[in-house]
Amino acid sequence: MEQLSVSADKNRIIVGMSGGVDSSVAALLLKRQGYDVVGVFMKNWEENDEDGVCTATLDYEDVRRVCDSIDIPYYTVNFSKEYRERVFSYFLDEYRAGRTPNPDVLCNCEIKFKAFLDFAIGLDATALATGHYARLDKKNGIRLLRALDADKDQTYFLAGLTSRQLERVIFPVGDMQKGILRNLAAEAGLSTAYKKDSTGVCFIGERNFKQFLMQYLPACPGDMIDINGHIVGKHDGLMYYTLGQRRGLGIGGSKDGSGESWFVIGKDMQRNLLIVQQGEHDELYSTALTASQINFISGCAPAQEFQCTAKFRYRQSDQPVNVTMHGNGCTVDFKTPQRAVTPGQWVVFYDGEACLGGGAIDEVRPLKKIIIK
RNA sequence: UGGGGUGUAGCCAAGCGGUUAAGGCACGGGACUUUGACUCCCGCAACGUAGGUUCAAAUCCUGCCACCCCAG
């Protein structure tokens with residue numbers, strides 16, 4: 001694992017513990033290396049899920065068990081206020097605007113590696129460690145590298161960070177395979193060894209997403225139309241749908257239909273219309289995008305124009321692109337058309353193993369313009 | 001009102017006397033997944049109604065009901 005050079009009298013490391021197996025093992029590894037490890041659990045969401053379950057309470061139980069078994073102190077810290085102000089408000093604003101934000105990228109920038117990092121440093125720690133699957137190369141400057149386990153790589157979510165933030169961060173499990181990590185957890189008798197990986201918006205967790213949004217953004221029903229201008233269904237509110245979405249449209253078969261599924265291909269915010277199309281067609285694909293407020297981990301773009309690979313969503317294979325900077329923004333041209341690239345989502349750039357940075361997508365250039373007849 | 005046509009699951013839609021009554025869409029569940037999606041897997045329900053013919057009827061016949069089209 002990554003080594004951290006520390007002086008003998010100052011070797012405290014704060015581990016951000018989620019109650020999952022990855023951060024549990026991160027703490028375990030650091031403890032075994034002799035660091036003064038302190039586990040800290042962040043509680044950033046106050047409400048229970050739709051079943052009335054507070055997953056944070058359950059997760060904290062796991063943190064307690066793990067910390068007890070590896071014999072380190074543990075605490076909890078609450079950044080709910082910061083999360084609401086810096087992440088959740090943006091999240092809602094984006095949905096109101098008809099876009100599809102990625103709150104977890106922002107959460108890392110604003111909470112985990114800002115508010116929480118400051119907190120950790122305030123506890124006189126040398127570094128903050130988390131269970132992220134990512135690696136850091138600190139030889140000359142700081143580079144964010146993909147995890148060794150390509151299937152678990154989480155650099156996509158870290159693309160909004162800067163080298164300055166990463167200076168005092170370590171990712172102890174970034175060079176481990178998930179399977180090996182679980183075995184290690186099991187051998188050490190950690191209670192989280194076989195715990196299912198958590199998914200869903202960080203801190204909010206898995207839940208019926210539409211129902212969740214409805215609590216904050218009231219329904220605003222309207223029509224679904226196809227490119228012929230025919231009304232083919234009703235929607236509950238444009239904010240509840242995203243480009244490329246299939247499920248939840250409720251459109252059955254019709255006399256003249258092809259029998260294929262229907263997908264969301266656009267939104268008309270002015271007229272409150274959801275534009276849908278049966279089957280996968282060119283309107284669903286795009287050839288380029290523009291993004292603003294691009295963040296480069298190194299602090300600046302590699303060049304005014306450069307070629308690299310990019311992802312438009314987590315767990316997508318890398319796509320070759322050409323990036324042209326203009327100010328803080330850029331245009332990204334795709335080598336091959338991409339399906340359902342969505343405003344609000346993040347485009348993240350890679351140069352081989354290195355994650356360069358990324359930014360929120362503003363607009364896309366469709367392979368075929370949507371023209372309602 | 002007269003003539004014609006159609007009635008199979010939430011929606012399309014196969015079926016033409018003997019099938020466990022296809023398939024697709026939708027929907028539900030699961031897998032995958034620290035965003036939202038996509039994808040994959042599994043599940044899912046029906047012969048308008050009442051009689052008749054027949055060993056056997058979703059399939060043939062009759063009445064009724066509903067809807068559609070043409071005529072008026």
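In what follows, chains carry the letters A, B, and so on, assigned in the order in which the sequence lines appear, proteins first and then strands, with residues in each chain numbered from 1.
For Gln307(A), the side chain to side chain contact (heavy atoms under 4.5 Å, CB included) partners are Asn322(A), not counting sequence neighbours. With sequence neighbours excluded, the residues forming a side chain to side chain contact (heavy atoms under 4.5 Å, CB included) with Pro73(A) are Val38(A), Tyr75(A), listed by chain and number. Residues passing the side chain to side chain contact (heavy atoms under 4.5 Å, CB included) test with His326(A) are Thr331(A), sequence neighbours excluded. Not counting sequence neighbours, the partners of Tyr60(A) by the ring pair (Phe, Tyr, Trp, His ring centres under 6.0 Å) test are Phe41(A). Judged as a side chain to side chain contact (heavy atoms under 4.5 Å, CB included), and not counting sequence neighbours, the contacts of Ser317(A) are Gln319(A).
Separating the P atom of U8(B) from that of A14(B) is a span of 11 Å, rounded to the nearest Å. For A66(B) and U49(B), the C1' atoms lie 10 Å apart once the distance is rounded to whole Å. The P atoms of U53(B) and A58(B) are separated by 16 Å, rounded to the nearest whole Å. U62(B) sits 33 Å from G23(B) when the P atoms are compared, rounded to a whole Å. For the C1' atom pair drawn from U33(B) and G48(B), the interatomic distance equals 46 Å after rounding to whole Å. G43(B) and A26(B) have their C1' atoms separated by 14 Å, with the value rounded to a whole Å. Using P as the reference atom, U54(B) and C61(B) are 16 Å apart when rounded to the nearest Å. Straight-line distance between the P atoms of C38(B) and C25(B): roughly 14 Å, to the nearest whole Å.
For C32(B), neither phosphate oxygen OP1 nor OP2 lies less than 4.0 angstrom from any side-chain nitrogen or oxygen of Lys178(A).
Regarding the sugar-base torsion, C38(B) falls in the syn class, its angle being within 90° of 0.
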Which nucleotides of RNA chain B pair, in dot-bracket form (Watson-Crick or G-U under 3.5 Å, | meaning another strand): ((((((((.[[[..)..(....]]].(((((.......)))))....[[[[[..)....]]]]]))))))).
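Listed by first then second residue, pairs satisfying ring-ring contact (aromatic ring centres under 6.0 Å, His included) with a partner in residues 134-161 of chain A read Phe157(A)-Tyr314(A), not counting sequence neighbours. Among pairs with a residue in residues 332-365 of chain A, those fulfilling ring-ring contact (aromatic ring centres under 6.0 Å, His included) read Phe312(A)-Phe334(A), at least two apart in sequence or across chains. Each ring-ring contact (aromatic ring centres under 6.0 Å, His included) pair with one or both residues in residues 125-151 of chain A, not counting sequence neighbours, appears once here: Phe113(A)-His132(A), His132(A)-Phe171(A).
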Contact state string [nucleotides 34-46 of chain B, B base, S sugar-phosphate only, - no protein heavy atom under 4.0 Å]: BBBBSS-------
Per-nucleotide protein contact string for nucleotides 4-13 of chain B, where B marks a base within reach and S marks sugar-phosphate only (heavy atoms under 4.0 Å, - for neither): ------BBS-
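As a member of the Ile/Leu/Val/Met/Phe/Trp/Tyr network built from side-chain separations under 4.5 Å, Ile265(A) groups with Ile225(A), Ile227(A), Ile231(A), Phe263(A), Leu273(A), Ile275(A), Leu284(A), Tyr285(A), Leu367(A), Ile370(A), Ile372(A).
A centroid separation of less than 6.0 Å is found between the aromatic rings of Tyr216(A) and Phe88(A).
Among all heavy-atom pairs drawn from Val66(A) and Ser24(A), the shortest one is CG2-OG, 3.5 Å.
Using a 4.0 Å heavy-atom criterion, one finds that Leu249(A) contacts the sugar-phosphate atoms exclusively.
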